[in-house]
**Q** 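Would you mind keeping the following structure in view while I ask a few things?
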Amino acid sequence: MVRAALIRFGTIESCDLSHSPPIVRFASHESAVAAKDAGAWPGLCEGIDTLYNETPYFSRGWCCCEDSLSRELMKRLTAYPALREHLDKLQSKVFVLSSDADVTPIEVKESELEIAADVAVERIKKSKFTSKGDKDKVISLYEEYARNTVGALTKTLGSLQMLASHRATAAPAEPLPQVDAPAASPLRLAEGQPLLLLSWQGSGSGPGSGPRFGVVDAAGGRVAAAVTGKDEAELAYDRCSQAVLPWRPPAVGWDAAFVGDARALRDLAEPARRLAEDARRMESESALHIESESTLRSIGVRAREIADSATQGLLASQTIAQAAHEAGAAVRSCVDAAADEAAELFKLHARKGQEPGDQLEAALGKVRVAIGKVCEAIERLQPEAMVTAALRSSGASGARRYAAGQPLTVRTSGGWRDADVARTGAEGLCHLLEFEGSGEPPATLMLHPWNHAPRELPHAAYKAMRAWWAPWLGAQHAQIADALTGKRLDALQQCVAISVTGGEAETQASAIRDAHSLTAWLLAQHGARLEGGPTEGPLAVLLTAGPANGKTTLLSQVVMVALQDERTELVPILVKVQVLQRRLLEAPDAFAGAWNYMDAFLRLEHEASRPALYRMLRQAMMARRALLLLDGLDEAGAKRDDIERHVVDVLAPQGHVLLCTSRPAGIDEARFAAFRRLSLAPLSDEQQERALEQRLGAERAAALLTYVRDVMPRDDTGQKVTSNPLMLSMVAAVAIFFEAHVAQRRLIEDRQLDEAALGLEAPEALAQIRAEAVAKMAFKPFGGRAAIGHYVEVTATLEEQCEHEGRRGVITADDETDSYDCMECQCEICSEHAYAIARPYRVTFADHTMSQWLHPSSLRSSGLNETAFLQRAMDASASEAAVRVACEARLSVALREALRTVRERVLVDALPLLSLWQSEPLQLQSSHLSFQEYFAAIALCDEGIELSGTPPWQWPAWWANTVKLGAEIPGDRFGRGLLRAAGVTGDTLDLSRKLGGDRPTVRRVLAAVVANASELRTLDLSQNKLDAEDARALAPALLKTTALKNCSLLKNSLDVESATMLAKIGAEKGIMLSGMRRDQTEAKLDSQRLQPKLDSQRLQPADAILIGSDLQFMAVVTELELGGNEIGDEGAKAIAEALKVNAVVTTLVLSNNSIGDEGAKAIAEALKVNAVVTTLYLTVNNIEDEGAKAIAEALKVNAVMTTLNLEGNKIGVEGAIAIAEALKVNAVVTTLGLYENKIGDEGAQAIAEALKVNAVLTDLELRRNSIGDDGAKAIAEALKVNAVVTILFLPNNSIGDEGAKAIAEALKVNAVVTKLWLSNNNIGPEGAIAIAEALKVNAVMTTLGLNSNNIGPEGAIAIAEALKVNAVLTGLDLDDNNIGIEGAKAIAEALKVNAVLTKLELYRNNIGVDGAKAIAEALKVNAVLTKLDIRANDDMGDAGKKAVRDAVKDRSGFDLML
């Protein structure tokens, strides 16, 4: 049928029906085409086609796909210059094929390769496919292949870059050698070997989980707790402390003696534990009691007993005895300090009502802090802690005795070799060693930390791996890329050697001048340690220099010099700290379980891919023959403190040769005190010229030399800017960085590219993504104390709910003294004020609102700053996809194209300022950190940039160079940009107690904001510990600003000189510096009103200088209160100078300011010319006779002051006489306070004489003045003739019964005194009787105070009789007089008939049940008494209390104090 149907088209040669579909072969191609053109034959088939595809090659779908894929691959291969160079050496990739000619290679032009992906897809779509569905499938395959091609190529980019970087001088790296590397044998030590274990098996973590002292068992593989005698742990190298410094070769038998002494302390473990518990319990108590002082003293006694016991019976270990002695002394010292603070607190409380509440708060806060220090000191007294400290200080912590069979690598006279321990010798650290495969007899070797290590790798394998490592490392450091031009410079030949300078104390390092001499010094120092002699300090160097000064270059030079020195055994290991930080964040557990961070880092970097290499490097460190180079401690971001502590506390004591670099900003000088300190010097003029010639050639450099020599600008240190190598490169050659800089990272991740772009065009979308990521981020447990800068979440507590519960923000206030709030309490100290709950924190939220003061239990801290927390939240969430989606939806086409271009160019190393770090996922970084900093500064100047974390005034040292660069940008763009980026709007900025971070960096930030923020009118910088250096930095900015009118600088740490300087500037520029306003009428800056309750800081002399300066701008202020501060004599002088010209202040309060005689003299001089001050308070100011005399002289001429208070000073007889003389002529002072001075009888007599002639003084206060009966008699005589004094205070003197009798006689004739206080004068019954007789005839006195005079029942009876006839007395105080039952009954009888007394005080008088009932009966008939105080009369019992309570229960408004 088939043949019959098709035969008409031509001769058929064959017909194969077994094939599917069937195949018919015609004699000619034309016949086949004719059959095809005729189409399908009805009933025969559905279609006909020829086997040969006549579609042109570039019209076929699959062929288009193959061609496009090939072009895509070639385009990407040839785009990378280094790879193209090698591709050009290979055979052609494109050939012409023909059936009638040989294969012919052809060259493909670059223009033919530049076919974009979308064009290739369009070609495929237009192509012809023979099968259904092939078109979609082919397009999908093409797109997938293109993506895979990019990925495959970028994964090899690191190797390609190395080829490109070193093609001129370095051959491709050899493959890793194959070595025999059996697993390391378990560590085995000799029985009795003492150790410090970093972690204890099953002990967990947290408090008490620090190093533990242990002793190796008989098998050599386990360690027992020597002090507690309880736990055992498996022995492992990484679990043991490897600290060896200080090193002092120990004597024979030292270990047995030390262990014996350590075990002898077991009996002290329990007493020491109980002592610690008691101290912590006292620290956590909600309130202190009067017994607290004795409890503290008891703790000191117990500590002494423990320390003494620890030193008794020790066999040989003087180090343990010394540790015990020092720990005990520390506890006793802290206890004494705490007890003294407690005693001061109790003394203040005893004077309740006479001292400001804030003084009590401050005193209690000091006690709390002191008790905390006691607890810390007691931890040192724990036996485990004493033994640990003793072993470390003994110099033998690095001594090791090994068990037989332990494999070692050892250094002998013939070099490093493999050896096995045959026997531990009897002489200390001597070991009998067998050398593998040598045929030599065993030999004895004294082991020390620098001549051996447990074997990690056979020596042959070690040598092979080191031989590979040296050229591989050298290839990376042989050349240095010029940061701008990309030109490769020979590290040792073409780059100018950078001079190194050390401090004057660096006598041993005085020969260091460059990388060669530095390396030689390090190698020589290590060589000395190979001898094994005593060594105290670490062989560690910290080299600092400013940005782009050549620190990284120097390290490359050190690497090359070390590798070229054939004599050295040291293996250079260089680690970029920015990468170390990243690994530490990614894999914290790996670091927690390692013996040091370097080992953990190298394990993460190499173990999986190159295990033998990792083990070689580990072996080098274990034997202390590694040269550890850490580049950029300042680039550790959020982990800087952690890494720096590890370097100082772990790596350095382990005895490694250590060289670290850092910028100086943020360096803790005390932390690195044991390090050799070096710094890079600026390039000299000669070095600059040589560098230009090397970079540009002599002819081209000549054109620049004149400019460099004569015109080049200089920086703020006086150096030419080209003394910085990078700036020199810029002269020679010229918003992504901002996002990376905000995150405090060098690495710029793919997501950050998108975030940077999104922040420019759609910041609200980025903010929303970040907010969602933060909201989802759970807080990981943080065991330390929350502090300023921590990102926290506010929580509720069992005791109270918080209005901010659930909100997150940053701690911006932290009162580290832990002051306390008031609440009801029944303790002896706090009958009225209890300081029970510490509330040291305030939190600022995203909307700039601030919480109330919060208790630590109301916070959950992340332990991170806001930036670090945000970064972690973005890393943890699926934010990358969200950011990418937002970019596609919100970014302009132009910006999306820019992002794509950046990614593509970085992948082929075609973007000069960026370099690839990792291709998948994409990570890149700036070619030099200074570029990142510069562009971050530029970004801050631009509109639309917003900070996502820490505000500028809390920036760490990471930002130091950014701020420096920004401050040098002309105009006010940077200052305004800082405020805008931080979200500051309006003309006011409150930074009180909000400055943090690195002070030099923040100092520059403030200067930029003040000088250049043209909209800012009010700035509060109070309470930020600003010092003189800060003031000097701020001064030029204040001179430059044109907008700022108020800049509060109160309560900082300025000195008199810096405050005077600022005050002068403020006066010239019209800037108020005290926080006061021009229009206020009252300036109440006393300590109780000036600050929040929890802030105990007081005004200092510098503050008074600023306040005095500001008074000139205040035209309506009439009241200035500065009481309870610490302005001193210098502050008083400043206020006095202001008073000489001020014409509005009428009330001045300077109480409790320690102004002394000099301050009083200055105030006195001002009073001679001031014509407006009517009220002056100078109480509690350490004013003595000289100051009083000066004030007295002023009183003789001052014609306006009516009230003068000099209470609580040290005015003696001479001062009192001078004041008395002034009173004789002064015609205006109506109130004089001399309470608590030292005028005595003679001074009182002088005052009395003045009273006889003075006609204006109405109120006289003479409490606590040591006035006896003679003084009282003189005052009594004066009262007989004085006609104006209405109020007289004489409590707390010693007038006795004779003085009371004299005053009583005066009262019989005096017709003006209405209020008289004679409290606490021991007048006794006789004095009371005399006073009572006077009351019977006196017709003016309304208030009488006789408390604490021991008048007894007899005196009370006499007073009661007087009350029956007296018709004017309304207030009577008989507290604490022991009047007893009889006296109470007599008073009760008087109350039944007295019709004027409204207030009666009978506190603590032992009135008993009957006395109380008698008073109750009187109250039933007395209708005028409205207040009765009978507290502390415990003997009246419930029955007496009930009787009194029932007597007044129906009297509205009656004040009963029961």
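The structure displayed is predicted, hence computed values, not measured ones.
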**Q** Does any part of the side chain of L659, heavy atoms only, come nearer than 4.5 Å to the side chain of V558, both counted from C-beta?
**A**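 Contact flag for V558/L659 side chains = yes.
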**Q** For P407, which residues count as a side-chain contact (heavy atoms from CB on, under 4.5 Å) partner, sequence neighbours excluded?
**A**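 S185, D420, R455.
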**Q** So, Q619 side chain and T409 main chain: donor-acceptor pair closer than 3.5 Å or not?
**A**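 Between the backbone of T409 and the side chain of Q619 there is no qualifying donor-acceptor contact (under 3.5 Å).
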**Q** Would you say the side chain of L195 lies within less than 4.5 Å of the side chain of L189, judging by non-hydrogen atoms?
**A**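 They are in side-chain contact.
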**Q** What are the two closest heavy atoms between A323 and M386, and how far apart are they?
**A**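 Taking A323 first and M386 second, the nearest heavy atoms are CB-O, 3.6 Å.
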**Q** Might you work through the side chain to side chain contact (heavy atoms under 4.5 Å, CB included) test for L523 and T519, ending with a clear yes or no?
**A** CA-CA 6 Å; L523 299 182; T519 308; 4.2 Å; yes
**Q** If the threshold is 4.0 Å, N to carboxylate O, is there a salt bridge linking D217 and R222?
**A**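 Here D217 does not pair with R222 in a salt bridge, since their nearest N and O are not under 4.0 Å apart.
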**Q** Has Q654 got a side-chain atom pairing as donor or acceptor with W595's backbone, closer than 3.5 angstrom?
**A**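 Indeed, once roles are kept as given, a pair shorter than 3.5 Å links the two residues.
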**Q** Pair K576, E635 - check salt bridge (charged side-chain N to carboxylate O under 4.0 Å, His left out), show working.
**A** CA-CA 9 Å; K576 299 281 188 181; E635 297 185 33; over 6 Å; no
**Q** Side chain of E456, backbone of R615: donor and acceptor closer than 3.5 Å?
**A**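 Pair absent, no side-chain N/O of E456 close to backbone of R615.
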**Q** Under the 3.5 angstrom rule, does the side chain of Q557 hit a backbone N or O of D514 as a donor-acceptor pair?
**A**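 The answer is no, because no donor-acceptor pair under 3.5 Å joins these two groups.
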**Q** Using the salt bridge (Lys or Arg N to Asp or Glu O under 4.0 Å) criterion, which residues pair with D642? Sequence neighbours excluded.
**A**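 If we apply the salt bridge (Lys or Arg N to Asp or Glu O under 4.0 Å) test to D642, skipping adjacent residues, the hits are K639.
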**Q** Just do the salt bridge (charged side-chain N to carboxylate O under 4.0 Å, His left out) check on R671 and D641 with the steps written out, would you?
**A** CA-CA 10 Å; R671 175 178 292 173; D641 185 70; 2.6 Å; yes
**Q** Between S397 (side chain only) and A243 (backbone N and O only), is there a donor and an acceptor less than 3.5 Å apart?
**A**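 Such a contact is found between S397 side chain and A243 backbone.
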**Q** Taking the ring centre of each residue, are F601 and Y614 less than 6.0 Å apart?
**A**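 So the answer is no for these two rings.
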**Q** Does any part of the side chain of K551, heavy atoms only, come nearer than 4.5 Å to the side chain of L680, both counted from C-beta?
**A**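 Yes, close enough: below the 4.5 Å cut-off.
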**Q** Between R624 and V244, which heavy-atom pair has the shortest distance, and what is it?
**A**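 That closest heavy-atom pairing would be NH2-CG1, 3.2 Å.
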**Q** Would you say the side-chain atoms of R677 pair up with the backbone N or O of F672, donor to acceptor, closer than 3.5 Å?
**A**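 A pair under 3.5 Å: no.
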**Q** Starting from the C-alpha separation in whole Å, work towards a yes-or-no answer on side chain to side chain contact (heavy atoms under 4.5 Å, CB included) for R239 and L235.
**A** CA-CA 7 Å; R239 184 170 287 173; L235 180 61; over 6 Å; no
**Q** First locate atom OG1 of T412, then atom CG of N451, and finally report the distance between them rounded to the nearest 0.5 Å.
**A**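 These two atoms lie 9.5 Å from each other.
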**Q** Check whether any side-chain heavy atom of L408 sits under 4.5 Å from a side-chain heavy atom of V421, and report yes or no.
**A**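 Heavy-atom side-chain distance check passes, below 4.5 Å.
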**Q** Taking side-chain contact (heavy atoms from CB on, under 4.5 Å) as the test, write out the residues that go with P458, two or more places apart.
**A**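 Only P182, D418, A461 meet the side-chain contact (heavy atoms from CB on, under 4.5 Å) criterion with P458.
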**Q** To the nearest 0.5 Å, what is the distance between SG (C430) and CZ (R401)?
**A**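 CZ of R401 is found 11.0 Å from SG of C430.
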**Q** Can you list everything that forms a side-chain contact (heavy atoms from CB on, under 4.5 Å) with E440? Sequence neighbours excluded, please.
**A**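 Counting only residues at least two positions away or on another chain, E440 forms a side-chain contact (heavy atoms from CB on, under 4.5 Å) with R417, F435, S438.
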**Q** Measure the spacing between SG of C240 and CG of L198 and express it to the nearest 0.5 Å.
**A**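 Rounded to the nearest 0.5 Å, the SG-CG separation comes out at 7.5 Å.
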**Q** Would you compute the distance between atom CG of L473 and atom CH2 of W468 and round it to the nearest 0.5 angstrom?
**A**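 Going from the CG atom of L473 to the CH2 atom of W468 covers 9.5 Å.
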**Q** Is the count of non-hydrogen atoms from other residues, nucleotides or ligands lying under 6.0 Å from E536 atom CD greater than 12?
**A**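 Above 12, so yes.
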**Q** Taking all non-hydrogen atoms of both residues into account, name the closest pair between D238 and G593 and its distance.
**A**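 Taking D238 first and G593 second, the nearest heavy atoms are CB-O, 4.0 Å.
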**Q** Centroid-to-centroid, H452 to Y402, below 6.0 Å?
**A**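 Yes, they do, as the ring centres are separated by less than 6.0 Å.
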**Q** So which heavy atom on H656 is nearest to which on N596, and how close?
**A**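 Heavy atoms only, the tightest pair is NE2-ND2, 3.7 Å.
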**Q** Out of curiosity, I667 CD1 to L633 CG, how far, rounded to the nearest 0.5 Å?
**A**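 Reported to 0.5 Å precision, the distance equals 6.0 Å.
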**Q** Is the backbone N or O of H516 less than 3.5 Å from a side-chain atom of W521, with the two atoms forming a donor-acceptor pair by type?
**A**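 Answer holds: no.
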**Q** For a quick test of reading the model, state the closest non-hydrogen atom pair linking A181 to L457 and the distance between them.
**A**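 A181 and L457 have their closest heavy atoms at CB-CD1, 3.6 Å.
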**Q** Run the side chain to side chain donor-acceptor pair (under 3.5 Å) test on D255 and Q193 for me, step by step, so that the C-alpha distance in whole Å, both residues' side-chain angles and the decisive distance to 0.1 Å come before the verdict.
**A** CA-CA 7 Å; D255 45 359; Q193 168 72 52; over 6 Å; no
**Q** Would you compute the distance between atom CG of L630 and atom SG of C660 and round it to the nearest 0.5 angstrom?
**A**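 Reported value, rounded in 0.5 Å steps: 5.0 Å.
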**Q** Between A636 and V577, which heavy-atom pair has the shortest distance, and what is it?
**A**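 That would be CB-CG1, 3.6 Å.
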**Q** Check for a donor-acceptor pair, side chain of E607 on one end and backbone N or O of L602 on the other, with a separation under 3.5 Å.
**A**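 Such a contact is absent between E607 side chain and L602 backbone.
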**Q** So do L555 and T661 actually touch side chain to side chain, heavy atoms under 4.5 Å?
**A**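 Counting from C-beta outward, T661 and L555 do come under 4.5 Å.
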**Q** By side-chain contact (heavy atoms from CB on, under 4.5 Å), which residues pair with R466, not counting sequence neighbours?
**A**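 Once residues adjacent in sequence are excluded, the partners of R466 under the side-chain contact (heavy atoms from CB on, under 4.5 Å) criterion are Y462, V571, M616.
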**Q** Return yes if some donor-acceptor pair links the side-chain N/O of H431 with the main-chain N/O of L429 below 3.5 Å, else return no.
**A**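 Such a contact is found between H431 side chain and L429 backbone.
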**Q** Can you list the steps and then say if T444 with L433 is a side chain to side chain contact (heavy atoms under 4.5 Å, CB included)?
**A** CA-CA 6 Å; T444 299; L433 304 177; over 6 Å; no
**Q** Can the positive tip of R529 be found less than 6.0 Å from the middle of the six-membered ring of W247, inside 45° of the ring normal?
**A**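 Checked: cation-pi criterion not met.
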**Q** Check the pair V561, D565 against side chain to side chain contact (heavy atoms under 4.5 Å, CB included), reporting the backbone distance first and the verdict last.
**A** CA-CA 6 Å; V561 173; D565 190 329; 5.7 Å; no
**Q** Should the pair R610 and W472 be classed as cation-pi, given the thresholds of under 6.0 Å to the six-membered ring centre and 45° from the axis?
**A**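 Yes, R610 lies over the aromatic ring of W472.
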**Q** Side-chain contact, heavy-atom cut-off 4.5 Å: E569 with W450?
**A**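 In short, these two side chains do not touch, never coming nearer than 4.5 Å.
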**Q** Considering only heavy atoms from C-beta outward, does the side chain of L542 approach that of L678 to under 4.5 Å?
**A**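 No - every pair of side-chain heavy atoms lies 4.5 Å or more apart.
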**Q** Please list, chain by chain and in numerical order, all residues satisfying salt bridge (Lys or Arg N to Asp or Glu O under 4.0 Å) with E531, sequence neighbours excluded.
**A**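 Scan of E531 (salt bridge (Lys or Arg N to Asp or Glu O under 4.0 Å), adjacent residues dropped) gives none.
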**Q** Within a strict 4.5 Å, meaning less than it, do heavy atoms of the E586 and F591 side chains meet?
**A**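 No - every pair of side-chain heavy atoms lies 4.5 Å or more apart.
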